[in-house]
Amino acid sequence: KGIAPGILSRVTDPFVTTRTTRRTGLGLPLLKQHSEMAGGDLTIASEPGKGTRIIANFRRSHPDRQPMGDITGVMKILLASNPTIDFTLCHSTDDGSYCFSTKEVKRELDTDTISGYILINDIAEMINENLLIINASEIEYRDKSQECETK
């Protein structure tokens with residue numbers, strides 16, 4: 001939905017949040033801290049009523065770069081929790097680039113939402129396979145039961 005200009009300028013402050021249940025919001029401040037620690041940066045662009053774009057850059061060879069973790073698992077949670085929101089994941093390494101867009105999936109499937117266990121698992125498998133191709137993931141899914149092994 002976008003972020004109001006008054007909040008956008010302060011969104012990486014850990015004591016700024018629009019939530020009413022908690023008085024802190026640590027997601028974006030931590031993302032900014034980790035990207036800067038790894039020689040990268042965080043860019044946030046937002047327009048109320050239109051949406052928000054967050055770009056986090058990490059220098060892969062930097063000694064302080066934390067492991068990226070389970071990107072595929074995070075995307076599964078985002079898709080399952082927010083079936084109408086459009087997400088784009090772009091990941092680049094020295095071995096190539098991969099971009100995933102829910103807008104493209106929705107267009108191909110002629111739908112407004114992404115939902116359903118099988119579809120989300122198929123998408124997760126596709127994302128992970130493409131991340132493996134560009135050496136961006138250490139987790140390889142063996143089958144649809146999401147049993148996994150670390151390489």
Side-chain angles (χ1 to χ4, degrees), residues 1-117 119-139 141 146:
K1 295 181 180 181
I3 302 170
I7 299 288
L8 182 60
S9 63
R10 302 178 299 131
V11 76
T12 58
D13 180 331
F15 301 104
V16 170
T17 185
T18 57
R19 291 184 180 172
T20 56
T21 55
R22 287 189 273 168
R23 299 186 75 78
T24 60
L26 294 176
L28 291 174
L30 286 174
L31 183 60
K32 180 181 183 198
Q33 177 187 0
H34 284 276
S35 64
E36 289 174 351
M37 280 178 23
D41 58 9
L42 179 73
T43 306
I44 303 170
S46 188
E47 188 176 327
K50 193 165 186 178
T52 302
R53 172 178 280 204
I54 300 170
I55 300 172
N57 292 300
F58 297 80
R59 201 172 91 219
R60 187 173 188 178
S61 62
H62 198 283
D64 292 328
R65 184 180 71 82
Q66 299 290 314
M68 293 304 291
D70 183 5
I71 296 170
T72 304
V74 170
M75 289 303 295
K76 280 179 68 173
I77 291 168
L78 289 172
L79 296 175
S81 304
N82 306 281
T84 60
I85 293 178
D86 290 321
F87 292 98
T88 302
L89 166 71
C90 293
H91 199 111
S92 298
T93 68
D94 293 340
D95 296 321
S97 295
Y98 169 67
C99 283
F100 165 78
S101 166
T102 56
K103 280 185 180 182
E104 290 179 22
V105 172
K106 289 175 184 177
R107 186 174 46 247
E108 284 295 316
L109 298 177
D110 193 28
T111 185
D112 293 333
T113 63
I114 292 180
S115 61
Y117 178 80
L119 176 59
I120 291 173
N121 277 338
D122 286 347
I123 289 171
E125 188 175 315
M126 178 188 69
I127 290 171
N128 198 65
E129 287 172 1
N130 282 282
L131 292 176
L132 283 168
I133 289 169
I134 63 168
N135 286 319
S137 178
E138 296 179 357
I139 298 174
Y141 289 98
Q146 296 305 298

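Heavy atoms only: backbone and side chains are in, while hydrogens, waters and symmetry mates are out. Residue numbers start at 1 and run along the sequence shown.
Shown here are the side chain to side chain donor-acceptor pair (under 3.5 Å) partners of Thr12, two or more places apart in sequence or in another chain: there are none. The side chain to side chain donor-acceptor pair (under 3.5 Å) test applied to Ser92 returns Ser97, not counting sequence neighbours. Residues satisfying the salt bridge (charged side-chain N to carboxylate O under 4.0 Å, His left out) test with Asp86, not counting sequence neighbours, are Lys106.
Asp95 contributes atom CG, which lies 4.5 Å from atom CG of Asn135 (distance to the nearest 0.5 angstrom). The distance from the CG atom of Asp64 to the CZ atom of Arg59 is 9.5 Å, given to the nearest 0.5 Å. Separating the CG atom in Leu109 from the CD1 atom in Ile114 is a distance of 7.0 Å, to the nearest 0.5 Å. Rounded to the nearest 0.5 angstrom, Leu30 CG and Leu42 CG are separated by 11.0 Å. Lys76 contributes atom NZ, which lies 10.5 Å from atom CD1 of Ile127 (distance to the nearest 0.5 angstrom).
Sorted by first then second residue, the side-chain hydrogen bond (donor to acceptor under 3.5 Å, both in side chains) pairs that include residues 33-45, not counting sequence neighbours, are Asp41-Asn57. Among pairs with a residue in residues 33-64, none fulfils disulfide (SG to SG under 2.5 Å), at least two apart in sequence or across chains. Among residue pairs with one or both ends in residues 59-101, those qualifying as disulfide (SG to SG under 2.5 Å) are Cys90-Cys99; sequence neighbours excluded.
Between Ala136 and Thr93, the closest heavy-atom pair is CB-CG2, 3.9 Å. For the pair Phe87 and Thr102, the tightest heavy-atom approach, listed with the atom from each and the gap, is N-OG1, 2.7 Å. Closest of all the heavy-atom pairs between Ser115 and Pro83 is CB-CB, 4.4 Å. Residue His62 comes nearest to Met37 through the heavy atom pair CE1-O, 3.0 Å, listed as atom of the first residue, atom of the second, then distance.
Counting only heavy atoms from C-beta outward, the side chains of Met126 and Phe100 approach each other to under 4.5 Å.
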